[in-house]
K.L.:
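Here it is, the structure, as C-alpha cells.
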There are 2 protein chains.
Amino acid sequence: MLLGTEIHLTPGDPGQEQFSISDLSQEFDVTTRAIRFYEDEGLLEPRRKGRRRVYTVRDRVRLKLILRGKRLGFSLSEIGDIITMYDSEPGEAGQLHYFINKISARRTVLKQQRDDIDVTLNELDAIDKQCRKTLARLP
Amino acid sequence: MLLGTEIHLTPGDPGQEQFSISDLSQEFDVTTRAIRFYEDEGLLEPRRKGRRRVYTVRDRVRLKLILRGKRLGFSLSEIGDIITMYDSEPGEAGQLHYFINKISARRTVLKQQRDDIDVTLNELDAIDKQCRKTLARLP
DNA sequence: TGTTAAATTGACGTTTACGTAAACGGAAAT
DNA sequence: ATTTCCGTTTACGTAAACGTCAATTTAACA
C-alpha cells in the first residue's frame with residue numbers, strides 16, 4: 001500500500017486530517033522553504049512517513065499561529081514563546097507563575113500595539129478626508 | 001559665540017525646539033547609530049550646524065512616527081511610505097488618488113493587525129485564567 | 001589652554017528570516 | 001518501465017536593520 005494515498009485521500013477536503021507540506025504552502029501562501037525553516041527553529045515538528053513530512057491538524061493550527069505572529073511583527077523566537085503558552089500543560093506552581101508573567105508581558109505589548117494602531121488609523125482617516133476634500137475642489 | 005550653547009539652552013526643557021542626537025537617543029531609548037541609520041534611509045533629514053546634526057521638533061515627531069511603525073512591525077521602507085502620507089502637500093488629482101489608495105491599503109493592514117491582536121488577547125486571557133485556576137487548586 | 005566628553009564618518013561584522021540552486025530519493029502518471 | 005513530479009537535504013546567498021569598532025573632529029569644562 002502506498003503512503004501517499006493515505007495522505008491525499010481527499011485533497012481539499014474540509015475535514016482533512018493530514019497535510020503535505022505543499023498543501024499548507026498553498027493554503028496559507030507561504031513557501032515550503034519557510035515552513036521547513038520554522039521547523040528548524042523548533043516551531044513545528046511534523047511526523048514523518050519515511051522522509052516525507054506529514055502535518056496534522058494541530059501542526060496546521062501552529063502554522064496559523066506562526067503566521068499571525070508574523071503579521072504582528074513578532075520574531076520567530078517571540079512566536080515560539082507564545083506557542084509555548086498555548087501548549088502549556090498544567091504543571092507546577094513555579095511554571096504557572098512563570099507563564100502568567102509571560103502572558104502579562106505579552107499582553108502589555110499587544111495593548112501598546114493596539115493603541116498605536118488606533119492612533120494611526122485615526123490619523124490616516126484625517127489625512128484621507130483631507131485628500132478627498134482637496135480633490136473635491138479640483139476641476 | 002559657541003554653537004553648542006544654542007542647542008542646549010535648557011536641556012530637558014519641555015518647550016525645547018532643538019535637539020542633539022543624544023537628546024533624542026536618550027528620550028526615546030534608541031541608539032544614535034539607529035537614528036543615523038534612519039537618516040541614511042531617508043526617513044530623517046536634520047539640519048546641520050557645521051558637521052553636527054540639529055533636530056527640530058518636526059524631526060522629533062518623525063522619529064516618533066518611525067518608532068511607532070517599528071512597534072507595529074513595519075519595515076523602514078513601509079514607514080517611509082507612511083511618513084510620506086503625513087507629509088503630503090495638497091497636490092494634483094493623480095497624486096491625491098495615489099495617496100488615497102495607499103492610505104486605504106495601509107488601513108486594511110492595520111485593521112487585520114487589530115483583529116489579530118484582539119483574537120490573541122482573548123486567547124491569552126483564556127490561558128491566563130486557566131493557569132490561575134490550576135494554581136488555585138495547588139497546595 | 002589643555003583635557004575630557006560628545007559627535008562624525010567610514011568600514012566591517014552580525015542576526016534574522018528566509019531565497020535559491022544543486023543533487024538525490026521516492027511516488028505518480030502514462 | 002520510465003519519465004515526471006514532489007519532496008528532502010545541504011549549502012551558499014541575501015536583504016534588512018542595525019552593532020561595533022577605529023580614527024577624527026569638535027565642543028565643553030576645569
Side-chain angles (χ1 to χ4, degrees), chain A residues 1-11 18-55 59 63 65-83, chain B residues 1-12 18-55 59 63 65-81 83:
Chain A
M1 186 204 232
L2 297 175
L3 296 171
T5 53
E6 294 179 32
I7 300 181
H8 280 287
L9 269 174
T10 47
Q18 312 239 88
F19 307 87
S20 72
I21 194 167
S22 53
D23 283 344
L24 296 183
S25 167
Q26 287 170 36
E27 178 174 4
F28 298 114
D29 194 34
V30 56
T31 66
T32 59
R33 175 67 177 96
I35 296 177
R36 290 196 194 95
F37 184 72
Y38 301 150
E39 183 177 345
D40 287 343
E41 296 297 300
L43 302 182
L44 291 174
E45 28 189 358
R47 285 173 35 233
R48 299 281 182 135
K49 283 202 171 154
R51 297 159 69 89
R52 301 172 100 82
R53 292 168 173 82
V54 179
Y55 298 87
D59 293 321
L63 181 54
L65 286 177
I66 294 170
L67 298 177
R68 189 204 287 166
K70 295 228 71 184
R71 285 196 299 274
L72 295 178
F74 298 149
S75 72
L76 293 185
S77 153
E78 290 174 312
I79 293 173
D81 288 350
I82 296 176
I83 290 183
Chain B
M1 182 200 231
L2 297 175
L3 295 172
T5 54
E6 295 181 29
I7 298 183
H8 281 285
L9 268 175
T10 46
Q18 311 239 90
F19 308 87
S20 72
I21 193 167
S22 53
D23 283 344
L24 297 183
S25 169
Q26 287 169 35
E27 178 174 5
F28 297 115
D29 193 33
V30 57
T31 66
T32 59
R33 175 66 177 95
I35 296 178
R36 291 195 194 96
F37 184 72
Y38 301 150
E39 182 178 345
D40 287 343
E41 296 298 300
L43 301 182
L44 292 173
E45 29 188 358
R47 284 171 38 232
R48 300 282 182 134
K49 284 203 171 154
R51 298 159 70 89
R52 300 172 98 81
R53 292 167 174 83
V54 179
Y55 298 87
D59 293 321
L63 181 54
L65 285 177
I66 294 170
L67 298 177
R68 188 204 286 166
K70 296 231 71 187
R71 285 197 299 273
L72 294 178
F74 297 149
S75 70
L76 293 184
S77 152
E78 290 173 313
I79 293 173
D81 288 352
I83 290 182

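Here is how names work: the chains are called A, B, and so on, in the same order as the sequence lines, proteins then strands, and each is numbered from 1.
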K.L.:
On the nucleotide dA6(C), are OP1 or OP2 found under 4.0 Å from the side-chain N or O atoms that Ser20(B) carries?
P.N.:
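Answer no for this pair, as no side-chain N or O of Ser20(B) is under 4.0 Å from OP1 or OP2.
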K.L.:
Please compare Glu41(A) and Arg51(A) by the position of their nearest nucleotide in DNA chain C and report the one closer to 5'.
P.N.:
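In this pair, the answer is Glu41(A).
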K.L.:
Taking only side-chain nitrogens and oxygens of Lys70(A), does any of them come within less than 4.0 Å of OP1 or OP2 of dC18(C)?
P.N.:
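Affirmative; the distance criterion is met.
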K.L.:
To the nearest 0.5 Å, tell me how far Tyr38(A) OH sits from Ile79(A) CD1.
P.N.:
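Going from OH on Tyr38(A) over to CD1 on Ile79(A), the span is 7.5 Å.
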K.L.:
Among dG19(C), dA7(C), dG19(D), which nucleotide sits nearest the side chain of Arg33(B)?
P.N.:
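In terms of side-chain proximity for Arg33(B), the closest of dG19(C), dA7(C), dG19(D) is dG19(D).
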K.L.:
Any idea which of dG19(C), dA7(C), dC18(D) is nearest the Leu76(B) side chain?
P.N.:
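Output: dC18(D).
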K.L.:
Nearest whole angstrom, please: distance from the P of dC5(D) to the CG of Asp23(A).
P.N.:
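After rounding, the gap between these two atoms is 18 Å.
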K.L.:
Whole angstroms only, please: what is the CG-C1' distance between Asp40(A) and dG19(C)?
P.N.:
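That distance rounds to 14 Å.
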K.L.:
For the pair Ser22(A) (side chain) and Ser25(A) (backbone), establish whether a donor and an acceptor sit closer than 3.5 Å, ignoring hydrogens and angles.
P.N.:
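A pair under 3.5 Å: no.
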K.L.:
Would a distance-only check, ignoring hydrogens and angles, find a side-chain to backbone donor-acceptor pair under 3.5 Å from Asp81(B) to Glu78(B)?
P.N.:
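No, the answer is negative, given that no donor and acceptor are paired below the 3.5 Å cut-off.
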K.L.:
Mind checking Phe74(B) for me? I need base, sugar-phosphate or nothing, with any heavy atom below 4.0 Å counting as a touch.
P.N.:
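Phe74(B): no heavy atom of the nucleic acid under 4.0 Å.
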K.L.:
Is the phosphate of dC18(C), meaning OP1 or OP2, less than 4.0 Å from a side-chain N or O of Tyr38(A)?
P.N.:
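Tyr38(A) to dC18(C) OP1/OP2: side-chain N or O found under 4.0 Å.
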K.L.:
If each of Ile35(B) and Tyr55(A) is mapped to the nucleotide of DNA chain D with the nearest heavy atom, which maps nearer the 5' terminus, i.e. the 5' end?
P.N.:
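Closer to the 5' end of DNA chain D: Tyr55(A).
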K.L.:
Output yes when at least one side-chain N/O atom of Ser77(A) is less than 4.0 Å from OP1 or OP2 of dT16(C), else no.
P.N.:
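Negative; the distance criterion is not met.
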K.L.:
Check whether any side-chain N or O of Asp40(A) sits under 3.5 Å from a backbone N or O of Phe37(A) as a donor-acceptor pair, and report yes or no.
P.N.:
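Checked: no pair found.
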K.L.:
What is the distance from CG of Asp81(B) to P of dA16(D), rounded to the nearest Å?
P.N.:
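Interatomic distance, CG of Asp81(B) to P of dA16(D): 13 Å.
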K.L.:
From the set dC18(C), dG7(D), dG19(D), return the single nucleotide nearest to any side-chain atom of Thr31(B).
P.N.:
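Nearest to the side-chain atoms of Thr31(B), counting from C-beta on, is dG19(D).
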K.L.:
Does CD in Glu27(A) sit with more than 12 non-hydrogen atoms of other residues, nucleotides or ligands closer than 6.0 Å?
P.N.:
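Enclosed.
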K.L.:
Let me know the distance between CZ of Phe37(B) and P of dT9(C), rounded to the nearest Å.
P.N.:
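Nearest whole value for this atom pair: 15 Å.
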K.L.:
Measure from CD on Glu78(B) to P on dA17(D) and round the result to the nearest Å.
P.N.:
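Going from CD in Glu78(B) over to P in dA17(D) covers 9 Å.
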K.L.:
Kindly indicate whether the side chain of Pro46(A), heavy atoms from C-beta on, has any atom under 4.5 Å from the side chain of Glu39(A).
P.N.:
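Pro46(A) vs Glu39(A): side chains touch.
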K.L.:
Taking OP1 and OP2 of dT8(D), is either one under 4.0 Å from a side-chain nitrogen or oxygen of Arg53(A)?
P.N.:
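The answer is yes; a side-chain N or O of Arg53(A) sits under 4.0 Å from OP1 or OP2.
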K.L.:
Could you check which of dG19(D), dA17(D), dT26(D) has an atom nearest any side-chain atom of Arg52(B)?
P.N.:
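Closest of the options to the side chain of Arg52(B): dT26(D).
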K.L.:
How long is the line joining CZ of Arg47(A) and P of dG7(D), in whole Å?
P.N.:
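It works out to 17 Å between those atoms.
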K.L.:
Distance check needed: dA7(C) P versus Gln18(B) CD, whole Å only.
P.N.:
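Rounding to the nearest Å, CD of Gln18(B) and P of dA7(C) are 14 Å apart.
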K.L.:
Categorize Ser75(B) for me: base, sugar-phosphate, or nothing, with a 4.0 angstrom heavy-atom threshold over every strand shown.
P.N.:
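Here Ser75(B) touches the backbone only, sparing every base.
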K.L.:
Take atom CD1 of Ile79(B) and atom P of dA17(D), then tell me their distance rounded to the nearest Å.
P.N.:
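Atom CD1 in Ile79(B) sits about 8 Å away from atom P in dA17(D).
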K.L.:
Look at the side chain of Arg36(A) and decide which nucleotide, out of dC6(D), dT8(D), dG19(C), has an atom nearest to it.
P.N.:
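It is dT8(D).
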K.L.:
Does a side-chain N or O from Thr32(A) land closer than 4.0 Å to OP1 or OP2 of dC6(D), or not?
P.N.:
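Negative; the distance criterion is not met.
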